[in-house]
Amino acid sequence: MLKLIRENWQSGITVALISVPLSIALSVASGAGPVPGIVTGIWATLIAGFLGGSNYNIIGAAGALTTVLFAATLAAPFGLGALVLPLIAIISGILILLVWAIGADRFLYHIPSSVMYGFAGGVAIVIAISQLFDATGLSAVKRTGSTLGDVALFVAHRAEIQVPTAVLFLTFLIGILLWKRLVPKIPAVIPAALIGIAAGWFTKQYSVGEFVTLGDKFGSFSASVMGHVPWETLPQMVTTRGELLFLLGTASTVALISILETLVTARIGDKMTKTESSTRRELFGLALANIGSGIMGGLPATGVFIRAGANIKAGATHRTSAIIAAIATACIALVALPYFAFIPMAVIAAILVNTALGLIEVNKFAEFFKRERQSFLVALMVLLLTVFEDAGIAVIAGSVLSLLFFAHRKSSGYFDIIFNFVDGTKESHMRASTLSIPTGKQLAFVTYSIAGYLGYIDSARHAVNLRNLANMKDLPIVLIRLRNLYAIDYEGEDMLAEAVRNFQEQGVLVYLTSGDPELIEQLRNHPEIESLVETHHVFTKSKEAIHTFLPEWDVTWHTPTARVRVAE
C-alpha cells in the first residue's frame, strides 16, 4: 500500500488541483452553484477509486452532462431547481446498477463512435453558447434553457454587454490556449483559476472594474464536503406520475451518457497505457459513485477524459491515484473554497469554453466525411439534435439511425464472384451489385460468394445471378460460398435449392462451401442440398473443394471474401 501511495501521490495531487476549479465550473454550468461540483469531485471520485475497474479513469462532474442537468434544474417540480440533481444522481446510479446486474451494458458497446463524437460536439456548442452571458457581463439574465432561445435572449440584451468583462474573458481564454501550447505539462485550468481568484480579489479590494464574481452570482458559500438533498420531497415525487416520469426520463438519459462516456474514457486510458481495464467493474463502480454522490448532495458523475488524461500524464499507476485525488480535493476545498468566491464569472466562462473546445473532434468529422458518409450523417444529426433539441433524444436517435444503417448493410446481401480461367488467369468482382459475365476465355470454375442476410428481397437478385451463371456455355464447376452469410430465411433456402437444381440440370458441378454448420443443417431440409451432402459436395473450406476437382491449382485466401489466386 505504501508503495502505491509513493507511486501515485503526485498524480493524485495534480488531478485534485485540476478537479477543484473544473468541478466548480462544470457545476456552475449545470445550474447548481459551486458546492455540488466539489461534493461530486470528492465522493464520486473516491467511491469509483475504490470500486472501479480502471487504474486511470477519474469519475466526477463532466461537461457531457451539463446540458441535461441544466435543463433538469429549469424543469424541476416543486420549485426544487438545482436541488433535484442529487436525486437524479441517485436514480441514475440505481439504473446503471440495474444495467450492470442484467448485463445489458454489452448492448451499449455497439453504439458507434459517430454517435459519441456527434454528441460531444453538440455538448461543446451548447456549453460555448451558454457562456455568452457570463463572458459579457450578463450573468444576471435568466437563461431560457434552449439554445435558440438563449441566442435570441443574448441578442435582445446586446446593448447591456460590458466591454471590460468581455475583454477579461477573451484575455483568459487566449491565455489558457497559449498556456496549453507553451506549457503542456501543467494543466491550464490551474493557473487560470489562481490568477482569476487574484484578479477578482484585486478588483473587489480596490474597486477596479465591475466584474461579476462567483460570490456575486451565488452568494456567500463556505467549504463543505456535503450538500443538501431534498429527501422530504422524494415520496411525493415518486408517487406522482408526472414527477416520476420526469425523474426517470432525466435519470435514464444521464445513465446512458454516463455509461458511454465512462467506458469510452476508460478505453482511451487503456490505449494510452497499453493496459486492459475491467469494464464490468468500472460500470459497477460508476453506479455506486453516482448513488454515493447523490446521497452526499452531489451531481451525477461520469468518466472525465481531461482528468483521466492528466492522471496518466502525471505518472499514475493505480486506482490509488483517484483515491488520493478525492482526499486532496476535499482538503483543498475545505481550505480554499471560500476564495473561489472572488473568481470572476468571465474566468469561469473562459475555463468552460476551453473545456468545450476540447470536446469537439473536428478531425473525426472530416475523417467520417471522407471515409464513412453514413457515420458523418449520424454524427451531424446527433450534433444538431443535441444543440437544438435534447441530448437524450440525440443519443437515442443517433443509435437508432446507426442500427438502421447497420441492418441495411447486413440485410442488403452483396456478392463476390471470381471467374477462374483455364489459362491460369482470373477476373474478380468484389462486393458487386450487378453480374458481368466475361467472354472470350475458357472457364475452369467460378466462385460465387453470398454474404449478409439472405432474405426475400436479396434472394431475387441472387437468383437472377445464379440463373445467368447456370445458362453460361461451357461452365464446368461453380462453388457457392457461404462464409459471410449470417442468416437465411425460407425464401433464401428455396432460392439456393432452386439454383443448385438449375446448375445440375445444365450439367454444372455444384459445390457448397464455407457455410456455418447450423446453416448447412438448416438447408438439408431441401432434397437438392441433401444430395450435395450425400455426394460429398459440401466443404467447410473452399480450397478443399478446389483441390478435390483441381488438385494442381494453388489457392491463396487473402480476405474473408474469397479472393482466389491461381497458379501461373
Side-chain angles (χ1 to χ4, degrees), residues 25-32 61-76 81-82 84-85 88 114-161 165-166 169-170 173 217 246 249-250 252-254 256-257 260-261 299-300 302 345-346 348-362 364-365 376-399 401:
L26 293 171
S27 186
V28 168
S30 301
L65 296 175
T66 54
T67 57
V68 179
L69 301 183
F70 183 77
T73 64
L74 297 179
V84 78
L85 300 184
I88 291 174
S114 56
V115 174
M116 295 306 300
Y117 287 121
F119 169 73
V123 168
I125 292 172
V126 172
I127 290 176
I129 290 175
S130 69
Q131 298 314 302
L132 286 172
F133 299 90
D134 289 332
T136 56
L138 301 178
S139 299
V141 176
K142 187 176 181 180
R143 287 162 50 196
T144 65
S146 161
T147 301
L148 291 177
D150 282 349
V151 171
L153 191 64
F154 177 77
V155 172
H157 287 268
R158 64 187 181 279
E160 303 169 28
I161 291 175
T165 302
F169 163 76
L170 289 174
L173 179 59
K217 185 169 182 177
F246 164 78
T250 306
S252 297
T253 301
V254 168
L256 176 61
I257 295 170
L260 294 176
E261 190 79 5
L299 307 175
T302 182
M345 292 304 300
I348 295 289
I351 292 173
L352 287 170
V353 170
N354 172 64
T355 301
L357 292 175
L359 291 173
I360 300 178
E361 297 278 358
V362 177
K364 288 295 182 182
F365 279 82
F376 174 79
L377 291 175
V378 169
L380 183 62
M381 183 195 72
V382 173
L383 184 150
L384 294 175
L385 284 176
T386 300
V387 172
F388 297 110
E389 186 58 39
D390 177 81
I393 292 175
V395 173
I396 293 171
S399 301
L401 182 60

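Counting begins at 1 with the first residue of the sequence. As the structure is a computational prediction, the values presented were derived from the model and not from experiment.
Across L299 and A32, no two heavy atoms sit closer than the pair CD2-CB, 3.8 Å. Heavy atoms only, all atoms of each residue included: A82 and G31 are closest at CB-O, 3.3 Å. Nearest approach of L380 to F365, heavy atoms of both residues: N-CE2, 4.1 Å. For the residue pair V353 and A128, the shortest heavy atom distance occurs at CG2-CA, 4.4 Å. Minimum heavy-atom separation, A124 to A356: CB-O, 3.1 Å. For the residue pair A72 and V84, the shortest heavy atom distance occurs at O-CG1, 4.1 Å.
Considering CG of L69 and OG1 of T253, their distance stands at 10.5 Å, rounded to 0.5 Å. Distance CZ/F246 to CD1/I88: 4.5 Å, rounded to 0.5 Å. Once rounded to the nearest 0.5 Å, the distance linking CD1 of I161 with CZ of F133 reads 10.0 Å. Considering CD1 of I360 and CD1 of I125, their distance stands at 5.5 Å, rounded to 0.5 Å. A distance of 8.0 Å separates CG of L148 from CD1 of I129, quoted to the nearest 0.5 Å. The distance from atom CD1 of I257 to atom CG of L65, rounded to the nearest 0.5 Å, is 6.0 Å.
Residue pairs satisfying the side chain to side chain donor-acceptor pair (under 3.5 Å) criterion with at least one member in residues 124-139, sequence neighbours excluded, are listed as follows: D134-S139, D134-K217.
Taking T386 as the reference, F119, V123, V382, A391, A394 meet the side-chain contact (heavy atoms from CB on, under 4.5 Å) condition, with sequence neighbours excluded.
When the options V254, T250, T73 are evaluated for a side chain to side chain contact (heavy atoms under 4.5 Å, CB included) with L85, the one that passes is T73.
Inter-residue side-chain proximity for L260 and V395 is flagged as met; some heavy-atom pair is nearer than 4.5 Å.
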(request) In sequence, state the C-alpha distance, the side-chain angles, and the governing distance for V28 and M345, and then conclude on side chain to side chain contact (heavy atoms under 4.5 Å, CB included). (result) CA-CA 10 Å; V28 168; M345 292 304 300; 3.7 Å; yes
